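Everything numeric in this text was worked out from a predicted model, so none of it was measured.
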Amino acid sequence: MLKKRIWASLGMAAVLLVSACSNGGSEGGNTQNSPSPAAGGNESAGTELKPAKLKIVLYGDESNRMKELSKAEFKDLVKQEINADIEFQFLPWSEYAGGKTDLMLSTGEDFATYTDTNYMVKSVAKGLYTDLTPYMESAAVDMKKTVDEASFSAFQLGGKQYAIPVGNKPNSGEFYSVLARQDLLEEVGMTGISTIAELEEFYDKVHAKHPELVGYAGTDARRMLMYEYTDKNLYWQNDMLAIDESADNDQIISWFETEEFKAYAAIMRSWYTKGIIPKYAATNMPQLTSDWNSGKAMFWAGTAARPFEGAAAITQAVPTAKLTNYFLSKDLPKISRGTYSTAWFVSANAADPERYVMFFNLLQKNQELYDLFAYGVQDKDYTLDANGRLTRNTTDSLIPDWLLMNKNFIRFDNSVPDDFIAEYKAWDDDAIISKGAGFNFDNTPVKNEETKINGVFTEFLAPIGSGFLDYDTYFPKALEKLKAAGFDKYIAEYQKQFSEWYAAKP
């Protein structure tokens, strides 16, 4: 039976996201223009703290309104609440989990930004993240009420908290669905997508009418196409290793050595050859995201929130654009890693790590503070109706919606139907938590091998998996290099740690 979730972005207002989900106080909204100290329940706390300086690194483009708020309301609020002078610095997404971020860490800069579990493990092994465990009870009190405990566990190593999760949203089935331009689908006389054959038919028909459009705005479709090349319910631990969620065991799967990878690589090669994945993707992957945001692509990998959280840019370019999530073929349980959006780390050389944690706490503390950071100043940047529905007065993004997204506080626009909201809130209802959720690999015993393996991945395996290189021609050499890099030792160590962790689970 086809499992399908349809989420249409109903024009500009709908896409600008916004919500009032489970928190009762979010329905009526706040009538103040900006939070007062009492609203945060912290009226005198700021004055009792010694002054501190915080640098928060965000990725992407900084809007003009964000620049204004950073120097005014955001700055004043943080000073008032936790007696800290805050600076926001924006870096290109190409600098995330590497590049300038790595440079800032290695040179000892004092800052905080977000991380994923893989980047966390690598950075902790190098001593680049602060252990935040000592500050959890005193500084993260409020966010523990709105972010689930499993999300905190996901960013722990050896029982220590190295990053603070933020967000609380449906996360199951991330990137396993096709996020299609429903307006284009309907334009060519199609109503839905349930197989890869229909997805390719969608491309062919739209390409015939709009040859200027890109097909797939990505280079990794292993999750989205999984239903086509395997009966397993695969979930990836990292780019090289997976587990089968349908099997009752702790077996780690070497992804590149499977027949599934061979079949997947063949699909991707055909897509690249046919032009579904544009030729420029091999040398300019960031352009794909730009094409999607400007309405120049037909489909992308989907999530529960993608039809509205990042679609504002598309409807600016194409006001009639509508987005729909489809799962291909098989009715396998959706897999969830947890409900967090991301997690904040603090650099090892930070002078006041606890103050950073206090700032993270402000972001998920209550409705009023969330509204300010996510939407700006009421009656200037946005308005609320009697039901807590939001209308934006500006399209400028502030702290990114996807980063803050918490179902206790998020607001939806008036034009978003109630059944749309209900389906979003129920997205995780039939999901399963990954049996590997909360496991973090300590790469210390195989650091040298991992470095070499990553080199092989970048040079050969990623391009093969994206269809840029032919599997039959290049994979034998890639596998030879992978083995020479110490991959067998690496996977053996990974399996050992995972099995020990799995056996100790309650």
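Donor-acceptor pairing under 3.5 Å is lacking for the side chains of N118 and D116. Using modelled atom types, one finds no donor on one side chain facing an acceptor on the other under 3.5 Å when comparing T146 with N408. At a cut-off of 3.5 Å, with distance as the only test, a side-chain donor of D371 or Q367 sits close to an acceptor on the other residue. Y59 and T101 share a donor-acceptor pair across their side chains, judged by distance under 3.5 Å alone.
D148 pairs by the salt bridge (charged side-chain N to carboxylate O under 4.0 Å, His left out) definition with nothing, not counting sequence neighbours.
Heavy atoms of other residues, nucleotides or ligands lying less than 6.0 angstrom from CD of E186 number more than 12. More than 12 heavy atoms of other residues, nucleotides or ligands sit less than 6.0 Å from atom CG of D429. The number of heavy-atom neighbours closer than 6.0 Å to CG of D61, taken from other residues, nucleotides and ligands shown, is 12 or below. Counting non-hydrogen atoms of neighbouring residues, nucleotides and ligands closer than 6.0 angstrom, the NZ atom of K205 exceeds 12 such neighbours. F90 CZ: more than 12 foreign heavy atoms inside a 6.0 Å radius.
Residue Y216 holds its OH atom at 7.5 Å from CD1 of I277, rounded to the nearest 0.5 Å. Separating the CD1 atom in I421 from the NZ atom in K407 is a distance of 14.5 Å, to the nearest 0.5 Å. Atom CG of L184 is separated from atom CE of M190 by 11.5 Å, given to the nearest 0.5 angstrom. For the atom pair NZ (K169) and OG1 (T339), the distance works out to 10.0 Å, reported to the nearest 0.5 Å. Atom CD of E449 is separated from atom CG of L482 by 12.0 Å, given to the nearest 0.5 angstrom. Considering NZ of K435 and CD of Q251, their distance stands at 9.0 Å, rounded to 0.5 Å.
Between F202 and A180, the closest heavy-atom pair is CE2-CB, 4.4 Å. The two residues N325 and S177 have their closest heavy-atom pair at OD1-OG, 3.0 Å. The nearest pair of heavy atoms linking T303 to F175 is CG2-CE2, 3.6 Å.
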Evaluate the side-chain hydrogen bond (donor to acceptor under 3.5 Å, both in side chains) criterion for residues S172 and D428: first the C-alpha distance (whole Å), next the side-chain angles of each, then the deciding distance (0.1 Å), finally the verdict.
CA-CA 6 Å; S172 63; D428 277 353; 2.5 Å; yes
Could you walk me through whether T191 and L185 pass the side-chain contact (heavy atoms from CB on, under 4.5 Å) check?
CA-CA 7 Å; T191 57; L185 195 71; 5.9 Å; no
Begin from the C-alpha positions of D401 and R306 and carry the test salt bridge (Lys or Arg N to Asp or Glu O under 4.0 Å) through to its verdict.
CA-CA 11 Å; D401 289 332; R306 267 191 175 174; over 6 Å; no
Stepwise side-chain contact (heavy atoms from CB on, under 4.5 Å) test for K262 and D472:
CA-CA 9 Å; K262 182 177 181 180; D472 291 333; 4.3 Å; yes
Quick one: do L390 and D413 satisfy side-chain contact (heavy atoms from CB on, under 4.5 Å)? Show the steps, please.
CA-CA 5 Å; L390 178 147; D413 181 87; 5.5 Å; no
Between V147 and V166, is a side-chain contact (heavy atoms from CB on, under 4.5 Å) present by the stated rule, with each step listed?
CA-CA 7 Å; V147 179; V166 61; 5.9 Å; no
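Checking side-chain atoms of N233 against main-chain N and O of P333 turns up a donor-acceptor pair under 3.5 Å. Between the side chain of T315 and the backbone N or O of V318 there is no donor-acceptor pair closer than 3.5 Å. Side-chain atoms of T113 never come within 3.5 Å of backbone atoms of L58 as a donor-acceptor pair (strictly under, hydrogens ignored). At distances below 3.5 Å, at least one donor-acceptor pair connects side-chain atoms of E198 with backbone N or O atoms of S194. With S123 contributing its side chain and L128 its backbone, the two residues share no donor-acceptor pair below 3.5 Å. E95 contributes a side-chain N or O that, together with a main-chain N or O of K100, makes up a donor-acceptor pair within less than 3.5 Å. A side-chain donor-acceptor contact under 3.5 Å links R181 to the backbone of G295. D183 contributes a side-chain N or O that, together with a main-chain N or O of K322, makes up a donor-acceptor pair within less than 3.5 Å. The closest donor-acceptor contact from the side chain of T230 to the backbone of K232 lies under 3.5 Å. In this structure, E228 contributes its side chain and T195 its backbone to no donor-acceptor pair below 3.5 Å.
Under the 4.0 Å criterion applied to side-chain N and carboxylate O atoms, D442 and K122 are not assigned as salt-bridge partners. Ion pair D220/R222 flagged as a salt bridge, since at least one NZ, NE, NH1 or NH2 atom sits closer than 4.0 Å to an Asp/Glu carboxylate oxygen. Under a 4.0 Å N-O distance rule, the pair K483/D488 qualifies as a salt bridge. Look at E62 and K67 and you find no salt bridge, because none of the NZ, NE, NH1 or NH2 atoms lies under 4.0 Å from a carboxylate O. Ion pairing between a basic and an acidic side chain is recognised when a charged N comes within 4.0 Å of a carboxylate O; D381 and R65 show such pairing.
A ring-ring contact (aromatic ring centres under 6.0 Å, His included) with Y114 is found for one member of F345, Y119, W344 and no other, namely W344.
Contact of the V206 side chain with the K209 side chain is not registered, since no non-hydrogen atoms from C-beta on lie closer than 4.5 Å. Side chains of L404 and Y370 form a contact here, defined as non-hydrogen atoms less than 4.5 Å apart. Two residues are said to be in side-chain contact when any heavy atoms from C-beta on lie closer than 4.5 Å; I464 and F261 meet this criterion. L288 has its side chain within reach of P278: a pair of non-hydrogen atoms, C-beta onward, lies under 4.5 Å apart. Counting heavy atoms from C-beta outward, E257 and F487 have side chains that approach closer than 4.5 Å.
Taking the six-membered ring where tryptophan is involved, the planes of Y227 and Y176 are perpendicular, since the angle between them exceeds 60° and thus also 30°. Using bins of under 30°, 30° to 60° and over 60° for the plane-to-plane angle, the ring pair W271/F299 lands in the perpendicular bin. Classified by interplanar angle (parallel below 30°, tilted 30° to 60°, perpendicular above 60°), the ring pair H207/Y203 is parallel. Note: F498 and Y494 have parallel aromatic rings, judged against thresholds of 30 and 60 degrees for the angle between ring planes.
Annotation: cation-pi pair K334/W427 present, NZ/CZ under 6.0 Å from the ring centroid and within 45° of its normal. Because its NZ or CZ atom is both nearer than 6.0 Å to the ring centre of Y340 and within 45° of the ring axis, R337 counts as a cation-pi partner of that residue.
A ring-centre distance under 6.0 Å is not found for F409 and Y375. In summary, the aromatic rings of F256 and Y471 are positioned with their centroids too far apart to meet the 6.0 Å limit. Aromatic pair Y162/F155: centroids not less than 6.0 angstrom apart.
Within the structure, every pair that satisfies the salt bridge (Lys or Arg N to Asp or Glu O under 4.0 Å) test and touches residues 267-280, not counting sequence neighbours, is listed here: D204-K274.
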Under 3.5 Å, sequence neighbours excluded: what are the donor-acceptor pairs made by side chains of residues 452-463?
| from | atom 1 | to | atom 2 | distance (Å) |
| --- | --- | --- | --- | --- |
| N454 | ND2 | E450 | O | 3.3 |
| T458 | OG1 | N454 | O | 3.0 |

